[in-house]
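A note on names: the letters A, B, ... follow the listed sequences, proteins ahead of strands, and every chain is numbered from 1.
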Amino acid sequence: MTTTTGKSPREVLAAVDQPLSKAALPGWTPWALLAASVLVAVAVLLPGGTSIAAVAVLTAIVHLVLTGAVSRAKEGPRKAKDRVVTALVTIAFLLAMVPLVSVVWTVVSNGAARFDATFFTWSMQGVLGEGGGGLHAIWGTILVTLIATLISVPVGLLTAVYLVEYGGKSTLARAITFLVDVMTGIPSIVAGLFVAALFVILVGPGTKLGIMGSIALSVLMIPVVVRSTEEMLKLVPNDLREAAYALGVPKWRTIIKVVLRTSISGIATGITLAVARVAGETAPLLVTVGTTVATNFNPFEGRMATLPVYAYYSYTQPGVPPQPGIDRAWTAALVLIILVMALNLAARMISRFFSPKAGR
Amino acid sequence: MSTPTQQPTRDPGPGGRGTLATGTTRKGDAVFKGTSTGAGVLILLVLAGVAAFLIGQSIPALTASPEDLPEGQTVTAYVWPLLFGTVLAAIIALLVATPIAVGIGLFISHFAPRRAAQTLGYLVDLLAAVPSIVYGIWGAVVLSAWLVPIYQWLERNAGFLPFFDGPALPSGRTMLTAGLVLAVMILPIITALSRDVFLQTPRLHEEAALALGATRWEMIRYAVIPYGRSGVVSAAMLGLGRALGETMAVALVLSGARIITFDLIGAANPLTIAANIALAFPESSGLTTNTLIASGLALFIITFLVNFAARWIVSRSGAKA
Amino acid sequence: MNRRTFRRAAVPAALALSLGLAACSGENETTTTGGEGTSTSDLSGSIAGAGASTQTAAQQTWAAGFNAENPDVTVNYDPVGSGAGREQFLNGGVPFAGSDAYLDEEELAASEERCAGGNAIDLPVYVSPISVAYNLPGVENLQLSPTTLANIFNGTITTWNDPAITADNPGATLPDTRINPVHRSDDSGTTENFTDYLHATAPEAWTAEPDGEWPLQTGEAAQGTSGVVQAIGAGEGSIGYADESQVAASDLQAAALKVGENWVAPSAEAAATALDSSSRVEGRPEGDIAIEIDRTTTADGAYPLFIVSYAIACTAYEDATQGELVKSYLTYVTSEEGQQAAAERAGSAPISDQLREDITTSLDMIGA
């Protein structure tokens, strides 16, 4: 909105009333201050020998103080406060990145040693010391998670359908909604204990089966599926339903052919995220599935190895000498991270590429 | 299935679908409605089952005489120090994570460049995608080693506080380390939820504040934070629920004892309920198993209450907004 | 992405899964199921044991070795803990158990019903020295008397240059580093043997009764043998106790203990010597070999801080084939070859020929 001829409004204003536009620091100031802070921190810490962490911490403190002081002198206290807060929240974000980077770096650098063909083609049957792999654990994780998904998806999907399409404001629907919310907060170990307690009664004490792990994971997965599906179903415009009804389509066919079909990409995203959440669970599998050294494809017979539990035992009971076991633990952790991150990525892809363009 | 003969109670439109519908479709409707209602009821049954089986398997431990139980103590005496450790670790995590999470939430919702905000949000979400077993090993190997010099410094300079009484543990695998690992784990949860509430602040409120000449911080202080306060509180409660029940990270970082102490950096550390179950359950038998299940029941009740409170706050504030 | 594509994808996926699974076992597993026919063994079937986690590495070694000799036999060992192992054995869940403690009177009585008219026997098949490991850079060949050791672990001695430690180590320069004693957080046979040793050799300094659970509230706790080793390794000034094999495989130093007037470092031979000078428990059923460890032995070169773990079997089984399998497996376990394999892989101390003879006599009772 600038005029090319005569005085611009800004010039006019400036001419009329100076104080309206207060002195402001130029845009590059925060960066300059940051550079200055780094220099100060290094200068102070270098003589005594130092670490990156110490420099970072001191830089953050110096930067906060400098920013506050410079801005206060130049722009006044209100603006100074604003700048300090900006610096603070940025530091908070950077602080959160420290563990992320450190975790990924640690796992990748330690896990790379055994990230080889043997790891993906061997189990631990008859393996002592060096070598061996996690094939049995990879299969175990796939099977246990797959069965958990097969249990959770129908139950979760149908429950969400009930809540959105049939339940309305009935007491039952309200109770289910509430308890599903509460269920999302069940500690995973408690889900494992529940299944362990259940199978003590059904089979006998000390039972450990693949299917028990699947059931335990389902307890954790169902509420996630219900919540995400429910949200998606609610997004389906009512016009679509009414149009189908007007054409004489029965309600159940409307739900399957119209409502679910419209929201399928969102539901798939939610399910993938739910799978990602349970695939990395350790505690419930530790108390229900246990571990073993050989590949076991039968979820109804005997223990099964799974990646998280395999990583746990490889780390805590690495054997003699310990290093090969610890290496396997890191590689298992790396495979697990890759698996979970891939599922998360897949979820984002599904929602990005398959979702109908909703107005938002 | 349970309601096969019921008439469709909610006719969708004034069209009078009943006249057009044939017998088969009505049957299809009934079956479909029955199945989906059944699925919902199943969830209620599962939750009831969780409670019932935990209680059922706890009873032998609760009624047994103390001599037969692990360490010759009653279940209450056995669970009490674990409960203390559980709450202590979760509170440390909460105290550390909440301010940082709120800061990140504000950073992503109001400070970061619009274009980058979503990506930065993903980065924080990635923290939630790391499996707990990985956090556990990382905490035990990397983080605890980082913290040792800090603990030694704390012991020297803040040793008058009971929390930093020391002597600082040379391996760094202490209560405070466990609490910090938990803080990292609940950070993405609290961040995501508070970011969402901050983003929902009515645009008009924000613009009104800015139009009155408020700086960005003043706008946040007077428009965003009051609006999002209850959301942040419930987010923190949900994070607390998660921290209370987190198992593997604590089990790997902290192999503590069942004691009560406020010394966060010393050698003897209270274990948490969940970690104790994970460590002891695989090699337990008989009444020990029942005692562990009883401790799991205690954990279940606590997390249930915390989550209940969190949801209640959400629903109350939701009604107001 | 609609239901039909899901359905289309699901059928072949399920098919591929069921067809493919058989071929998906690990490459190392295919050889064991083959049954090449080169073996002279006519045994076949599978047996499962359960019990002490102390024996896990050794049992895995034995299972692999036994499987190599008898390709049609699979042995599984479930490390559920000693107590759970004995329980599962007594109620017929598993044909043999591993346990850090021998059966008590009550359990022996209960075994008569389980053992089809026979009784259960304890066989000491796994012997392992326990090292006192420490992390103190620059200090090698540390020597500790039992009383000093007990005082370190009960918290009386708090720094490495304490007069008591200096007295045990004439000529050594010890730093003023704080001592951080590390113990097992879980209920373990290692802790029971360690506290038993302290209680027997330093009764004034160590008053607590021997127990699988650490009796004190002080010191750092760590889960499992490797947890203890890692905790000691992570903290300068730490000291703890763990299986000799795990300590030897780490960069930690092991202290020599005072036995009589000599200083003895932990080793398989020294533990075997100490085992030989121990006596058998009296009043046990025929064939049962329960060891009463003599912690205060002064025999030359004996290292009395060690753990004995038992294999528990029946003299008679309802299923004779099962008895046959247990018998031949345990025969392999006690054989020179089996003991040597465990010594290499699990760091145990091979049992003496005398003890092997006695165990063989006991094993001959099975099914006889």
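In this structure, OG in B:Ser171 is found 6.5 Å from CG in C:Asn180, a value given to the nearest 0.5 Å. B:Ile259 CD1 to C:Leu216 CG: the interatomic distance, rounded to the nearest 0.5 Å, is 11.5 Å.
Between chain B and the options C:Pro181, C:Gly224, C:Ala84, heavy-atom pairs under 4.5 Å are most frequent for C:Ala84. The candidate from C:Ala231, C:Ser238, C:Gly235 with the greatest count of non-hydrogen atom pairs under 4.5 Å with chain B is C:Gly235.
Annotation for C:Ala234 and B:Arg173: closest pair CB-NH2, 4.3 Å, computed over non-hydrogen atoms. Shown here for B:Pro167 and C:Arg178, the closest heavy-atom pair between the two residues is CB-CZ, 3.1 Å. Taking every heavy atom of both residues into account, B:Ala268 and C:Gln217 meet most closely at CB-O, 3.4 Å.
In this structure, C:Asp251 places its CG atom where only 12 or fewer heavy-atom neighbours from other residues, nucleotides or ligands lie under 6.0 Å away. No more than 12 heavy atoms of other residues, nucleotides or ligands lie within 6.0 Å of CZ in B:Phe262, so this atom counts as exposed by the packing criterion. Residue B:Trp146 places its CH2 atom among more than 12 non-hydrogen atoms of other residues, nucleotides or ligands, all under 6.0 Å distant.
Contact of C:Gln230 with chain B is made through backbone and side chain together, with heavy-atom distances under 4.5 Å. With a 4.5 Å cut-off on non-hydrogen atoms, B:Leu169 touches chain C through its side chain but not through its backbone. With a 4.5 angstrom heavy-atom cutoff, B:Ser284 touches chain C only via backbone atoms.
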